[in-house]
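Each remark here refers to the structure printed beneath this line.
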Amino acid sequence: MARISGAESQIMEALWAQGPGGSLGAEDIVREVGGAQSWGEATVKTLINRLLKKKAIASERAGGRARYRPLVSREDYVTGESQGLLDRLFGGEVAPLVAHYAKHRPLSATEIERLKSLIAAMERDDD
């Protein structure tokens, strides 16, 4: 999968929010993300075209208008981006990532408990 930029991910979020099988027209996407990002119609259409070329979205005609739907799931996108971050910054290892955040942004008691629960569940799965 080609890398989706931060701006393109805004378009993807709007499409993913439609749920499985959902789609949006360009005008809907402009309405969903354009205002919040201060993007005009031309910018949104440029981002849509980039995503079409990357095969991250598909275009279908309905009622004489193009509608767009994601070809990449949000889960697959998040997995790819997360792995890319781990690989680029932490040698593909999770522990240095957690240590970095713990050192530079103190974890709340709730976050610590969530991490402990996650580790305990992972240990149970290994048994």
Side-chain angles (χ1 to χ4, degrees):
M1 174 179 74
R3 187 170 185 295
I4 295 172
S5 72
E8 293 162 349
S9 73
Q10 298 298 309
I11 306 296
M12 295 300 294
E13 289 291 348
L15 294 171
W16 289 321
Q18 302 311 302
S23 65
L24 291 172
E27 63 281 349
D28 301 318
I29 297 171
V30 170
R31 205 171 21 259
E32 289 282 326
V33 300
Q37 302 299 323
S38 299
W39 294 339
E41 185 176 341
T43 300
V44 170
K45 287 185 176 181
T46 296
L47 294 169
I48 289 170
N49 284 325
R50 287 183 192 167
L51 289 165
L52 286 166
K53 287 178 186 169
K54 292 178 180 184
K55 298 188 181 350
I57 64 174
S59 173
E60 299 164 341
R61 297 302 264 180
R65 294 182 181 257
R67 296 193 59 83
Y68 305 96
R69 64 178 174 80
L71 294 176
V72 174
S73 72
R74 188 172 194 289
E75 182 178 340
D76 288 346
Y77 168 71
V78 169
T79 298
E81 288 294 306
S82 300
Q83 189 62 52
L85 175 73
L86 281 176
D87 292 345
R88 283 189 314 276
L89 301 179
F90 300 100
E93 297 184 21
V94 174
L97 169 76
V98 175
H100 172 80
Y101 278 106
K103 180 178 178 182
H104 297 285
R105 188 186 69 72
L107 299 172
S108 70
T110 302
E111 289 173 313
I112 292 169
E113 285 305 312
R114 288 177 67 192
L115 286 170
K116 286 179 180 178
S117 294
L118 178 61
I119 290 168
M122 292 168 72
E123 288 174 336
R124 283 191 303 274
D125 289 344
D126 284 344
D127 292 338

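If you're wondering where the values come from, they're calculated on a predicted model, not measured in any experiment.
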(message) One pair to check against side-chain contact (heavy atoms from CB on, under 4.5 Å): T110 and R114. What are the steps and the verdict?
(response) CA-CA 6 Å; T110 302; R114 288 177 67 192; 4.2 Å; yes

(message) Evaluate R3 against E81 for side-chain contact (heavy atoms from CB on, under 4.5 Å), listing each step before the verdict.
(response) CA-CA 8 Å; R3 187 170 185 295; E81 288 294 306; 3.7 Å; yes

Could you list the residues that satisfy side chain to side chain contact (heavy atoms under 4.5 Å, CB included) with [X], not counting sequence neighbours?
X   : answer
A66 : S59, R61, Y68
E41 : V30, K45
T43 : W39, L47
L85 : R88, L89, L97

(request) Using the test ring pair (Phe, Tyr, Trp, His ring centres under 6.0 Å), find all partners of Y101 that sit at least two apart in sequence or belong to another chain. (result)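 Applying ring pair (Phe, Tyr, Trp, His ring centres under 6.0 Å) to Y101 gives none.
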
Working to the nearest 0.5 angstrom, can you tell me the gap between [X] [atom1] and [Y] [atom2]?
X    : Y    : atom1 : atom2 : result
L15  : I48  : CG    : CD1   : 7.5 Å
I4   : R50  : CD1   : CZ    : 12.5 Å
L118 : E123 : CG    : CD    : 10.0 Å

(message) Test of understanding: clusters of I, L, V, M, F, W, Y form through side-chain heavy atoms closer than 4.5 Å, transitively. Do M122 and V94 belong to the same one?
(response)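 Different clusters.
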
(message) When you measure from the side chain of W16 to the backbone of E75, do you find a donor-acceptor pair of N or O atoms at a distance under 3.5 Å?
(response)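 Flag not set: sc W16 to bb E75 has no pair under 3.5 Å.
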
(request) Ignoring hydrogens and angles, tell me if any N or O in the side chain of S9 forms a donor-acceptor pair with the backbone of G6 under 3.5 Å. (result)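 Such a contact is found between S9 side chain and G6 backbone.
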
(request) Would you check, one step at a time, whether the test side-chain contact (heavy atoms from CB on, under 4.5 Å) holds for L71 with L51? (result) CA-CA 10 Å; L71 294 176; L51 289 165; over 6 Å; no

(request) Could you pull out the closest heavy-atom pair between D87 and G92, with the gap in Å? (result)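 Smallest heavy-atom distance, with atoms named: OD1-CA, 3.4 Å.
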
(request) Specify the closest pair of heavy atoms between A14 and V33, including all atoms of both residues, with the distance to one decimal. (result)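 In this case the closest contact between A14 and V33 is CB-CG1, 4.0 Å.
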
(request) May I ask you to test the M12-I57 pair for a side-chain heavy-atom distance under 4.5 Å? (result)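 Side chain of M12 against side chain of I57, heavy atoms only: contact under 4.5 Å found.
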
(request) Enumerate the residue pairs fulfilling salt bridge (Lys or Arg N to Asp or Glu O under 4.0 Å) with a member in residues 8-31, sequence neighbours excluded, ordered by first and then second residue. (result)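 Pairs touching residues 8-31 that pass the test: E8-K54, E13-R74, E27-R65, D28-R31, D28-R67.
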
